[in-house]
Each structure stands twice: as C-alpha cells, then as structure tokens.
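Computed from a predicted model, the values in this text were never measured in an experiment. Proteins get letters first, then strands, A, B, ... in listed order; numbering begins at 1 in each.
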2 protein chains.
Amino acid sequence: LARAESLVRQMTIEEKVNMIHATSSFTSGGVPRLGIREWVMSDGPHGVRVEHGRDWEADKNVYDSGTYLPVGVCLAATWNPQLGYAFGGVLGSEAAFRGKDVILGPGINIIRSPLNGRNFEYASEDPHLVSKMVVGYIKGVQDQGVAACVKHYALNNQETKRNTVDVQLSERALREIYLPGFKAAVQEAGVHTLMGSYNKVRGQWATQSHYLMNDILKKEWGFKGAVISDWGAVHSTMQALWNGCDVEMGTDLSMLPKPNYGKFFMGDTVVTLVRTGVVPEYLIDDKVKRIVYIMLKTGVIDGKRKAGSYNTKQHQEVARKVAEEGIVLLKNEGGLLPLNAGAIKRIAVIGINADRPQSMGGGSSQVKANYEITPLQGIRKLVGPGVQVTYVPGYTIARGANADAAAIREAAAAAAGADAVIYVGGWTHGYNYSVWADNAYDAEDTDKPDMKLPFGQDTLINAVLKANPRTVVVLMGGGAADLTQWVGDARAIVQAWYPGMEGGNALAGILFGNVNPSGKLPMSFPRTLAEAPAHKLGQYPGGDQVYYNDDIYVGYRYFDTWKVDPQFAFGHGLSYTTFRYSGLKVEGKGKKATVTFTITNSGSRAGAETAQVYVHQQKSALPRPEKELKAFQKVFLKPGESKVVTLNLGEDAFQYYNDAQSKWVLEPGGFDILVGGSSRAIALKGTVNL
Amino acid sequence: LARAESLVRQMTIEEKVNMIHATSSFTSGGVPRLGIREWVMSDGPHGVRVEHGRDWEADKNVYDSGTYLPVGVCLAATWNPQLGYAFGGVLGSEAAFRGKDVILGPGINIIRSPLNGRNFEYASEDPHLVSKMVVGYIKGVQDQGVAACVKHYALNNQETKRNTVDVQLSERALREIYLPGFKAAVQEAGVHTLMGSYNKVRGQWATQSHYLMNDILKKEWGFKGAVISDWGAVHSTMQALWNGCDVEMGTDLSMLPKPNYGKFFMGDTVVTLVRTGVVPEYLIDDKVKRIVYIMLKTGVIDGKRKAGSYNTKQHQEVARKVAEEGIVLLKNEGGLLPLNAGAIKRIAVIGINADRPQSMGGGSSQVKANYEITPLQGIRKLVGPGVQVTYVPGYTIARGANADAAAIREAAAAAAGADAVIYVGGWTHGYNYSVWADNAYDAEDTDKPDMKLPFGQDTLINAVLKANPRTVVVLMGGGAADLTQWVGDARAIVQAWYPGMEGGNALAGILFGNVNPSGKLPMSFPRTLAEAPAHKLGQYPGGDQVYYNDDIYVGYRYFDTWKVDPQFAFGHGLSYTTFRYSGLKVEGKGKKATVTFTITNSGSRAGAETAQVYVHQQKSALPRPEKELKAFQKVFLKPGESKVVTLNLGEDAFQYYNDAQSKWVLEPGGFDILVGGSSRAIALKGTVNL
C-alpha cells in the first residue's frame with residue numbers, strides 16, 4: 001500500500017485520470033513512464049473470451065480457443081467448494097496465459113425469477129450456497145496471480161430493462177438475500193475487483209451508488225480493491241467520482257463507430273474539474289491507489305507472475321469433473337437409469353441440443369472452445385461403434401419456430417424402434433451464435449419470454465414419450481422450464497445445464513452409469529411461472545421501478561413458508577445409490593452450535609450425497625422463512641460405508657436482519673435443526689436452545 | 001415504550017393504517033376505541049399558523065391571532081442559545097393553548113445560496129451555529145409538552161424545483177455541513193418528530209430515502225420519534241413504507257377539490273398489502289409504535305399537558321428581546337448611530353418596509369399577529385409627538401415595479417429637509433399577502449430571481465443618500481442583497497430581518513440607542529451573486545439534478561479559503577461600545593482542548609459581544625477550510641467590565657470527515673485557535689498540538 005501511494009504521488013493529474021477509464025475495449029490506462037502498463041481485462045465467468053484486440057471486432061488468426069468450463073449454475077449444482085477452487089484455477093491459469101490481468105467473473109446475482117436470461121452464469125437462489133461456492137472460485141483465480149472480478153453488484157436480477165430499471169426492496173431482503181455472496185467475495189475470498197451493475201438501486205445507478213459502493217462495500221466491508229463499471233454503466237462524472245466507481249469501462253460502446261476515450265465520463269473532464277477546484281484531487285488519488293494496489297498484488301507492476309497454461313489435460317479434467325458432479329438426476333422412476341450399454345443395440349437420440357455446441361452462445365460469457373463434446377458425441381464415444389445411434393433433431397432453433405409435425409413423426413418413429421431413447425432438449429442460448437446478440441433464452445441482455453419450452457418441444461416430448469415410454473429426458477439450459485405437460489409421463493429426467501467442453505462425455509457417463517450423479521439443484525424449479533415467488537408476490541419486470549415485494553421469500557424460502565409444492569425442490573438431486581441419515585446430535589455453545597450426524601451409503605454403488613442443514617427458528621419477533629440453509633457437506637461414500645459429518649453453525653446461522661431495528665439480531669430461544677438431502681427431504685430433526 | 005407496544009397490539013390493521021396518514025389538512029388518524037384522538041399539527045417555525053379547520057380554507061371568526069416571533073435567521077443572529085429556548089417556549093406554549101400536538105419547526109436547512117426564498121425561516125450557513133441554536137429551540141417547545149418537528153430533512157436548500165430536483169453531493173459535504181444540525185436536534189435536543197423534505201437526494205425522494213431515514217436518522221442517530229412527510233412529499237407506497245416514513249401528510253393537496261384520505265399512498269392500499277402478505281405487518285407496527293410513543297410522551301394519550309398560554313406579556317417580551325439581540329448593525333461610520341432623539345426635530349422615514357406588516361407573508365410560516373409594530377410605528381412611539389416624522393414610501397411593491405421618478409423626488413425632498421433620515425427597505429415576502437402564494441422574494445415555493453434589491457431601490461437609495469448623506473439604511477429580509485451600488489456611500493447600515501411583532505420597537509430602540517445592538521450575521525453577505533460559492537463553484541438551481549460542487553465550501557468556508565472578501569463577513573456585527581480581547585490560553589488534554597481568554601468592554605456603554613472560536617488545522621491529509629467555527633459565547637459587559645471566557649473544544653472540534661476513508665478522522669498535529677468578533681476580525685491566535 002505504501003508502494004502504491006508512492007507511485008500515485010509521482011503521477012501528474014493527467015496520468016491519474018488516464019488510469020481510471022478505458023483506453024480500448026478491454027484495457028484501462030497505464031503510466032509507461034513509471035513502468036505501469038495498461039490493465040488488461042477479459043470476460044468471462046466460464047472461460048477466457050475470444051480476443052477483440054483494442055476494438056470490438058473479434059480477432060482472426062489468433063490462438064484463443066481455450067478451455068470451456070461448465071456454466072455457473074452447473075458449478076453451483078456440484079455443491080462442492082473444492083471444485084469451485086479447481087474451476088477458478090483453470091480460469092486464472094488460462095487468463096494468465098492469455099495475458100489478462102483481470103478476469104470478469106464470477107457472476108453471482110441471486111436467481112430470483114426463472115426468466116432471467118443470465119441465470120446460467122450465476123449460481124443459486126440461496127445466499128449461503130452462493131457464498132460458499134464463490135469463495136473457492138475467487139481464490140482459485142487469484143492464486144494464479146490474476147484478479148477476479150465479482151459481478152454484477154448489485155440487484156441485476158433481470159436482463160429486461162437492465163439499463164434503466166430502478167430496484168426497490170427492503171433492507172432485510174438486501175441484507176439477507178442479495179448481498180451475502182458479495183460480502184463473502186470481499187471478506188472471505190479477498191476479491192481484488194468488483195463490477196458495478198447496469199441497473200439502478202433505490203434511485204441511483206448501482207455503479208455510482210453511494211450506498212452500495214462507499215457505505216457498504218468500501219466502508220462496511222472494508223473492500224480495498226477497485227470497482228470497475230460494467231461496460232457502459234457509468235452515466236455521470238460527478239456521481240461516478242464521488243460515489244465509489246474506480247474505473248469506467250465500455251462507454252465507447254455508445255460512441256461507436258468513433259470512440260473517443262478522452263470523452264469518457266471519467267476522462268479529460270476530470271482533469272478540468274480537479275484543476276478548477278470543483279473536485280478534490282484526493283478523490284482521484286484514492287481510485288488510482290486502489291488500481292495500483294491491485295496491480296502490485298497481481299504482478300502487473302514490478303511483475304513476477306505465473307505464466308499460466310492453456311488447454312492442458314488437467315484443465316479439461318476439471319471441466320469434465322464439474323460437469324459430472326453438476327449434472328442433476330431429477331427423476332428416475334423404476335430405475336430407468338442408468339442405461340445398460342451392453343444390452344442396447346439401437347439408441348435414438350432426439351433433440352437439437354444433442355448435437356449443438358453451446359460455447360459461443362449467451363453473450364459476453366462466450367468462449368471459443370478448444371473442442372466441445374456434444375451429448376451425441378459423448379454417447380457415441382461411450383457406446384462405441386457396435387451400437388447403432390440414430391440422431392433426429394425433432395425441432396428447429398429459429399425465431400418463431402413451432403412444433404413441426406413431420407419432424408415429430410420422424411422422432412417418434414425413431415423412438416419407437418429403439419432400445420433406448422435419449423431426448424436432449426431444453427433451452428438454448430440464442431438462435432444463431434455466429435450473429436452477436438441474436439439473443440433468445442439463456443443470453444445476456446434478454447430474458448426468457450415465459451417458462452414454456454420453446455420450439456414446440458412439449459408436443460415433441462409427448463409424442464416421443466408415447467412412442468417409447470422408456471425415453472430419458474435430458475434438459476439443458478440455465479434453469480427451470482414448465483414441465484407440467486409431460487412430467488408425469490417421463491420416468492427419467494436429467495438437468496444437464498450447459499456442461500462445458502467435456503459435457504457430452506460427462507452426460508454419457510451418467511446416463512450409462514459410469515458416473516454416479518451427485519448434482520443437486522441450486523434453485524427451486526417451480527411448476528409454473530405463476531407460482532414463482534417473484535411473479536406471485538413480487539414484480540417482474542416492473543416499470544421504471546421494480547419492487548421486490550417477494551422480499552426475503554426467494555426460492556424455497558417462499559415454497560416452504562407458503563406450503564406450495566415446487567416441481568423439483570431446492571437441493572434435490574438423485575443418485576444411483578441410496579443414503580441413510582442417522583444419529584443427529586446438536587450441541588449449543590453460547591451463540592453457536594455443532595451439528596453431528598451420520599450418513600450411510602445404503603445402496604450398492606459408490607456415490608456422493610450433499611447433506612444439507614437447515615435452521616428453523618421456533619418463534620421470532622419478525623416472521624422468518626420456514627427454513628434456511630446454513631451448512632452443507634458433500635460426502636463421498638463407498639457402498640455400505642458410513643461417515644460422521646460434523647458441521648459448525650456460527651452466530652450468523654441463527655441471526656436475521658431486523659429492519660425495524662436496522663440490525664442483525666439473534667433472538668434467544670429454540671431453533672430446529674433440519675438435516676436432509678433436499679429442502680423437501682428432511683431426514684433428521686433436532687433442536688437447540690440458544 | 002412498553003405501553004406503546006401494548007396499545008399497538010390491541011389495534012386492527014385498519015386502525016393502524018389510519019394512524020399513518022392524514023385525516024384532514026393538519027391531522028393524522030387516531031383510534032377512539034383505545035382513547036387515542038387524532039394527532040393535531042400546525043405550522044410553523046415562528047408562530048402558530050392561522051386556523052384551517054379540516055380543509056384548506058382559513059377559518060373566520062376564530063381566535064387565532066397570536067404571538068408573531070422574529071423569523072429564524074433573526075433568532076440565529078442573536079447567537080444566544082438561551083433566547084432559542086425562550087423562543088421555543090413561547091411557541092410551545094401558544095401551540096398547546098391552541099390545541100396543537102406538533103408544531104412544525106424549527107426549520108434549519110443550511111443557507112447555501114442567498115437566493116433561497118425560505119432562508120428567512122432557517123438559521124445559518126454554519127453547522128455549528130445551527131446546532132447550538134436548534135437545541136434550545138426544540139427543548140423550549142418540548143418542555144411545554146408539545147412535540148417539535150425539525151425540518152426539512154434533508155438538502156432542501158432551494159425552493160426552485162424543490163419538488164423534483166435530485167441533490168448530488170459528496171459524503172463529506174453531507175456529513176460536515178448539511179447534517180450536523182439535524183443530528184444535534186435528534187441526539188442533543190431529543191426532538192420528537194422530523195419532517196422529510198420534498199426534494200430527492202441521490203436519486204430517492206428524501207422523505208422515502210432509505211439512506212437518510214433508516215440508515216442515518218433511525219439507525220446511526222437512534223431517532224425514536226416519528227418521521228412526518230412534508231405536505232405532499234410522499235410519492236410511492238412501497239418506498240414510504242420500507243424507507244422510514246411514518247406519517248404521510250398533505251397528499252390531499254394534489255387531490256383537491258375532492259380529497260380522499262383513504263387514497264393516500266399510505267392509506268387503504270396498505271391494508272391490502274398487509275393482508276396479501278406483500279408487506280409485513282411489523283413494518284406498520286413500527287410506525288404506529290413511534291407515533292403512539294410520542295403521543296404518550298406529549299400527553300396526547302393518557303394526557304396531562306400544560307394548558308399553555310396565549311398572547312401574554314411575557315411572550316411579547318421574548319419577541320422583543322429576540323429582535324433586539326438579532327438585529328445586526330452592519331456599518332456605522334463616524335458614529336452616525338445611535339441617533340440622538342433629543343436633538344432631532346424632523347425625521348424622514350422612507351421605504352415601504354417602514355410601514356408594512358410582514359406577519360402574513362412568506363407562505364406556510366405565516367402568522368396572524370395579535371399586533372405588529374412596524375418600524376414607523378416603533379419610531380413614532382419612541383420619539384413621541386414632539387418630533388415630526390414624515391413617511392414617504394419611495395417605491396411600490398408590485399410585480400414588475402421599477403424605480404419611479406416622482407416617488408424618488410418626493411423621498412429625496414423629504415430626506416433633504418430632515419434632521420435624520422431612516423430608510424427602511426430591502427426584501428419583502430411577497431406582493432400581496434392577502435393572496436395565498438402571491439410569492440415574490442422571501443417566500444415558500446419560490447427563490448429570489450437575483451440578489452439585486454427589487455423595485456428600483458438602488459436608484460432610490462442613491463438619491464436619498466445624495467439628498468442627505470446622514471441617511472441610515474435599514475434592510476429587512478431573509479438575507480443578503482447586492483449593495484454594491486451604494487454601500488460605500490451609506491454611513492450606517494442595519495440588517496433588521498423580519499423582526500416579529502415587536503420588531504418596530506426593537507429597531508427604534510437600536511436606532512436611538514436605548515438598546516445597544518449585539519446581533520451578528522449568521523451567514524456571509526457576498527458582494528455579488530456571482531461571488532456566492534454555490535454559484536461560483538457549484539450549481540444552482542441545477543437541472544433534474546443539482547450538484548453541490550461547492551462541496552464543504554459553503555459561506556465563510558469559501559470566502560476565507562479562497563481569499564475572497566465578502567460584503568459583510570460571517571459573525572460580523574457592530575456595537576455602540578467597543579470590546580478588547582486579551583489573554584488567550586489554549587490547553588490541550590488528550591484529544592480535547594480548553595480555550596480561555598478575556599473580553600473587556602473598552603467603551604462607555606453596556607453591551608454584548610459574541611466571541612467566536614475558530615479552528616484551523618495546520619496540516620491535513622485532505623484539504624480543509626481555512627477556518628471553522630467550533631465554539632462561541634455571547635458575553636454581556638458593563639462599561640469597563642472584563643470577563644474571562646472559558647470554552648471547551650471536544651474531539652469533534654478538530655475532526656473532519658475523510659470521504660476517502662468514509663469516517664471522521666482526527667489527525668494529530670497542530671491546530672490554530674482563532675478568537676475574535678467575526679470570521680474576519682480575529683483578535684487572538686493560539687495553537688494546540690493534539
């Protein structure tokens with residue numbers, strides 16, 4: 001810090017100002033005279049984005065095809081913080097190899113509505129799960145010497161109107177639901193940079209919000225790093241300067257085709273403001289000091305940094321592992337899965353997602369993958385040439401495409417004649433990935449129009465299920481769809497997210513039993529859109545303002561408190577083996593408690609179970625959700641094996657934010673401790689009095 | 001508080017909601033079933049406003065002519081906190097007599113621009129002076145059993161665009177300049193209620209601002225009372241409910257001519273929101289509890305309250321005393337004042353303010369005065385029938401009125417033929433006080449168009465001074481005017497503000513030496529509008545947003561730091577005697593200091609001097625103003641008498657708000673202690689090292 005201050009003291013005001021805004025599409029300025037080069041940033045959360053050079057045109061003839069990791073929700077579905085660290089490590093290492101100083105991830109906005117087009121990049125509806133996963137991810141990146149950039153702070157929970165909407169919510173919802181992930185990123189992971197979001201919060205642009213940036217982030221949480229604006233999120237010189245924004249990026253997007261970086265809000269005009277005494281220079285010094293401090297920490301200045309590596313076998317292994325642990329087995333009636341490869345001669349693979357590469361979709365998180373194993377490729381490779389695999393698309397991905405009778409007939413015929421049918425459908429990022437922003441469903445800057453599966457898939461799936469009831473339905477995408485038209489008829493359903501470059505191998509492994517699934521849903525799947533709490537109690541997408549009247553009742557906090565059955569519950573995920581919970585002991589000590597219980601693999605395959613600990617306060621001054629996740633552990637067990645799990649619940653596990661008193665409170669009394677395999681599969685119940 | 005909670009528990013949701021909004025123009029709802037009557041409020045800061053009944057029509061045939069006290073800036077100009085207490089006592093007593101539970105004052109917004117039409121109701125440009133004066137005022141009111149209502153929180157520093165403008169300012173300016181008065185009102189005076197202002201602050205309506213109301217007022221400062229909206233300042237049900245507004249008033253103004261109190265933002269709709277689970281009932285409970293708590297404290301419930309009194313001699317004495325100590329002698333070359341009544345035969349009194357009652361002007365602060373002694377009446381009474389007093393208006397108060405040659409000739413002729421000439425002009429509240437909102441200069445909902453004296457007074461004054469150089473110029477109004485056209489020629493200038501019902505007697509007493517003036521300016525008088533810091537460095541009135549780029553450099557903090565000479569300096573005010581400062585001792589103890597010095601009345605008349613202690617930090621990490629007022633004392637001395645003054649400077653006297661660190665800091669080092677009779681008349685200088 002002293003070295004950072006010393007460097008700042010040597011700079012002219014022009015040099016300082018050059019450091020607080022962009023100098024090209026993905027760089028901010030340096031001071032060559034003092035050995036400070038430009039700061040180089042790159043999207044995005046699940047791989048290093050294609051190269052743009054200094055403008056917005058993708059470069060040609062450049063080695064930018066790298067490791068394409070599974071998307072954020074898939075990582076969260078592993079419920080395995082160690083995989084978060086491994087995932088971050090891959091990202092950091094490849095970013096370093098590609099010469100990036102800052103990698104723009106993780107994205108951790110709370111999944112509030114199933115419609116949000118960017119949910120796939122995020123993690124969960126639950127702040128505890130977000131917090132645990134984000135810490136590993138960030139440490140993984142930063143241990144490679146590259147700065148992570150947690151985003152989008154804050155309340156960017158929808159893409160519709162993201163550039164204008166003003167989010168209004170209670171302080172309790174802000175504190176209990178929307179901020180904990182960011183707080184953990186700052187205080188537990190020590191994240192170096194943070195990205196301000198596009199939307200407004202309580203009337204002020206989030207990136208220029210005194211409350212969010214100065215009061216909470218920098219003062220309350222003690223953030224020492226730099227706040228980077230989302231690309232084009234700065235709207236006012238004075239607000240950005242005073243209210244905690246350190247680096248302005250992306251404003252050139254609104255200046256195209258003739259960007260002028262000096263004309264950024266935090267550009268040349270700032271020099272004049274300081275010179276005329278309107279703005280004190282120390283305000284600029286503070287920003288520059290933060291940037292230089294992170295540059296020093298990450299070897300941009302005085303630099304020794306690990307070189308990083310690219311497209312290694314180990315990186316690909318991590319991508320595969322995350323997919324294997326993140327894909328969720330939602331339903332498996334009568335043990336339809338796993339399929340027995342040895343007993344199958346003809347497989348029908350139906351649905352476009354079976355053979356569609358996904359890596360270049362979704363917007364800024366796009367990755368040019370070194371390779372991408374699609375589900376069809378994975379299945380073919382696993383079963384080998386001895387098994388006949390027939391692929392039928394069944395539907396078309398195009399704007400306005402509906403169910404097509406001929407395509408459906410072809411699919412049904414293939415299904416009827418097959419020993420095994422694997423349907424691979426669900427959402428898609430966009431229509432045509434070669435067209436930037438040809439957005440559709442899981443994509444930046446757009447939300448899903450509704451929760452219905454697109455392109456007539458409900459009709460298709462019904463026809464296929466009728467033709468062959470043993471059809472396995474695999475859904476890709478960033479989250480829930482309305483499955484009500486056929487969910488009762490489908491015996492096996494798998495949620496595969498966008499599982500990355502090794503996704504096809506991982507999925508095939510699960511379908512054929514080489515891999516025992518262990519993913520758990522990081523968000524509730526409501527039956528219908530109308531039953532999603534943001535839509536039932538709250539507002540979406542709102543007008544100029546959107547009121548989060550669903551308040552703290554996001555996800556299972558709503559379903560469990562209001563006694564509404566979701567389609568699939570938060571934390572739900574099946575295995576090919578079974579687990580038994582037993583021997584719960586809960587011991588209170590002061591304001592903390594220790595929870596001990598045993599999990600036994602009571603089936604015949606090795607497998608992993610994520611045991612979840614929920615807390616329910618018996619009586620509280622203010623209403624609380626029926627239960628809240630406060631601890632979890634993923635346990636790997638051989639058949640018949642038992643393990644004792646011990647989890648500590650700190651004071652924060654029992655507190656809630658009392659917004660009539662404006663503080664966190666721990667009210668003495670009884671707390672039920674609920675342990676089980678999902679929010680709706682509570683196996684053990686104990687009580688502690690604090 | 002337990003009793004308040006018990007009462008709230010007995011209420012239905014409809015009864016609760018009825019308590020959080022207006023039920024007529026100046027009442028909010030009660031719960032008759034539980035012995036809780038309506039809550040009765042009244043304007044305003046310097047007298048109990050005329051009666052309106054339940055609508056907006058002034059009542060006829062009602063005894064509502066009461067004590068009309070000098071306006072806020074006049075009280076502040078006394079620099080006498082004990083008079084603040086007496087002033088508040090009169091107000092509280094008359095409010096109680098008139099059956100009011102809450103009196104809507106004091107108004108303490110910082111005087112930022114000389115143009116603000118409501119400056120006359122406020123106090124000062126300096127947060128320390130505001131804080132000291134407001135505490136006495138509030139305690140005075142509340143010791144009479146009536147709730148004070150400090151206003152307008154916050155940053156309502158202009159009337160132009162007051163309903164739309166969004167104030168953007170640094171946290172340092174907010175903390176150092178604009179909030180201290182409110183903090184003192186809450187923490188030192190224990191004010192029972194607070195009024196939210198019309199404007200926006202950092203994007204959110206002040207009255208519905210989470211940051212201002214919940215974070216700062218209720219959490220940081222621990223305010224236990226009720227937040228009342230300014231009349232019509234609530235714009236959103238959800239924001240008002242969540243962000244700390246407790247009582248919604250005045251929305252009926254936008255519903256006229258058919259007000260429906262159930263349709264207020266915090267009306268019937270709230271019942272539905274609570275019933276459907278969108279808003280938790282505890283949020284309403286908290287508001288009702290605050291109201292009931294104050295009702296219990298002020299005897300509205302279970303009530304025993306002093307009856308109060310009305311139009312007593314003692315009340316009128318307080319009005320006179322405040323005027324006598326608040327009127328400021330700005331200039332007195334060659335001892336032109338005091339006039340010698342015994343040696344004068346013919347007096348010319350020139351200027352409309354000499355005979356214009358002011359009590360019914362200015363907007364909501366209007367008072368129907370039991371009587372009002374105008375300057376002309378005061379002068380005539382004092383000099384008696386043996387002296388010929390000629391009154392010449394000299395100009396006309398009317399929209400667009402300019403200098404009138406005939407009127408000026410008449411005035412000059414009267415001046416030329418008189419032994420003494422007293423010009424009484426300056427500002428006026430409005431054009432025609434019998435027309436509501438016929439606003440002009442010192443009035444609610446309007447700002448002055450510029451700083452030039454209206455109605456051609458500059459021409460008139462020049463002519464009168466030419467006809468008789470011994471003319472005394474008396475200026476009324478809420479603050480500075482541009483005097484540059486004649487200030488060098490006028491030998492005596494008196495700032496009389498709007499001095500209340502006894503103002504004419506007080507002014508006459510000062511002019512003829514029966515009273516020795518002791519008022520001191522509570523704000524700097526800039527020479528021209530262009531030199532006022534809000535206009536020089538900052539923005540006024542701004543667009544949708546107004547940036548306070550003048551930052552902490554408000555008033556003398558600007559003039560003294562930028563080395564610009566004001567017309568008359570902050571703290572300036574002459575006496576008919578002279579004072580000598582001597583024997584300064586400054587002793588540091590830890591983070592505090594004690595300042596001791598002697599004041600001697602070195603002249604031949606009894607008089608009072610307000611000694612001012614300013615602090616200057618020799619070296620600070622961030623720039624600080626040249627000096628800042630941190631203590632003062634008004635000392636009454638007989639001729640030749642000396643008194644030792646001891647003032648304690650706490651830690652806060654040396655701190656400043658470091659907005660790069662988001663906290664108050666006390667940086668060790670040397671601090672100069674400057675003692676004198678104004679910010680520009682420093683008589684003694686010492687140093688302390690902390």
Side-chain angles (χ1 to χ4, degrees), chain A residues 166 168-174 200-205 208-211 214-216 218-220 222 236-239 241-244 273 276-283 285-287 289-290 536-539 545 547-553 561-562 621-623 658-663, chain B residues 166 168-174 200-205 208-211 214-216 218-220 222 236-239 241-244 273 276-283 285-287 289-290 536-539 545 547-553 561-562 621-623 658-663:
Chain A
D166 178 10
Q168 296 283 345
L169 80 172
S170 77
E171 190 70 7
R172 186 174 180 190
L174 180 69
K200 290 181 180 176
V201 177
R202 294 182 183 154
Q204 219 165 25
W205 299 107
Q208 314 168 168
S209 161
H210 191 279
Y211 189 58
N214 285 350
D215 285 338
I216 295 180
K218 293 182 175 177
K219 182 177 179 180
E220 222 182 286
S236 150
T237 298
M238 293 299 286
Q239 284 189 35
L241 289 180
W242 278 111
N243 297 346
L273 289 171
T276 55
V278 169
V279 168
E281 189 160 358
Y282 67 77
L283 206 58
D285 291 352
D286 180 67
K287 298 176 196 303
K289 192 179 70 184
R290 289 170 175 273
K536 179 85 177 176
L537 297 181
Q539 293 185 341
Q545 301 188 315
Y547 285 97
Y548 284 14
N549 297 339
D550 40 325
D551 204 53
I552 53 170
Y553 298 100
T561 310
W562 260 252
L622 302 191
N658 183 321
D659 48 15
Q661 296 173 17
S662 289
K663 63 179 185 191
Chain B
D166 179 10
Q168 297 283 344
L169 79 173
S170 77
E171 190 71 5
R172 186 173 180 191
L174 180 70
K200 291 181 180 176
V201 177
R202 293 181 183 155
Q204 219 166 26
W205 299 107
Q208 313 168 167
S209 160
H210 193 278
Y211 188 57
N214 286 350
D215 285 338
I216 295 179
K218 292 183 174 177
K219 181 177 180 180
E220 220 181 287
S236 151
T237 298
M238 294 299 285
Q239 284 189 34
L241 289 179
W242 279 112
N243 297 348
L273 289 172
T276 53
V278 170
V279 168
E281 190 160 358
Y282 67 78
L283 206 58
D285 291 352
D286 178 66
K287 297 176 196 303
K289 193 179 69 186
R290 288 169 176 273
K536 179 86 178 174
L537 295 182
Q539 293 185 340
Q545 300 188 316
Y547 286 96
Y548 284 15
N549 297 339
D550 39 325
D551 204 48
I552 53 171
Y553 299 99
T561 310
W562 260 252
L622 302 192
N658 183 320
D659 47 15
Q661 295 173 18
S662 289
K663 64 179 184 192

Among D286(A), V278(A), V279(A), L283(A), the residue with the most heavy-atom pairs under 4.5 Å to chain B is V278(A)
I'd like to know if the side chain of Q208(A) reaches the main chain of N243(A), judged simply by a donor and an acceptor atom lying under 3.5 Å from each other, with no hydrogens or angles considered. no
Measure from the side-chain N and O atoms of D550(B) to the backbone N and O of L537(B), and report whether any donor-acceptor pair falls under 3.5 Å. no
Residues at least two apart in sequence or cross-chain that pass side-chain hydrogen bond (donor to acceptor under 3.5 Å, both in side chains) with D659(A), listed by chain then number, are Y282(B)
Please flag which part of D215(A) lies under 4.5 Å from any non-hydrogen atom of chain B: side chain, backbone, both or neither. side chain
Measure D285(A) against the heavy atoms of chain B and call it side chain, backbone, both or neither at under 4.5 Å. neither
List for me each residue that meets ring pair (Phe, Tyr, Trp, His ring centres under 6.0 Å) alongside W205(A), sequence neighbours excluded, and say none if there are none. H235(A)
Determine whether the side chains of N214(B) and S662(A) contain a donor N or O and an acceptor N or O closer than 3.5 Å. no
Greatest number of non-hydrogen atom pairs under 4.5 angstrom with chain A, of K289(B), E281(B), Q545(B), Q239(B), falls to Q239(B)
Between R202(B), E171(B), R172(B), which shows the greatest number of heavy-atom pairs under 4.5 Å with chain A? R202(B)
Please identify, among M238(B), Q168(B), K219(B), H210(B), the residue contributing the most non-hydrogen atom pairs under 4.5 Å to chain A. H210(B)
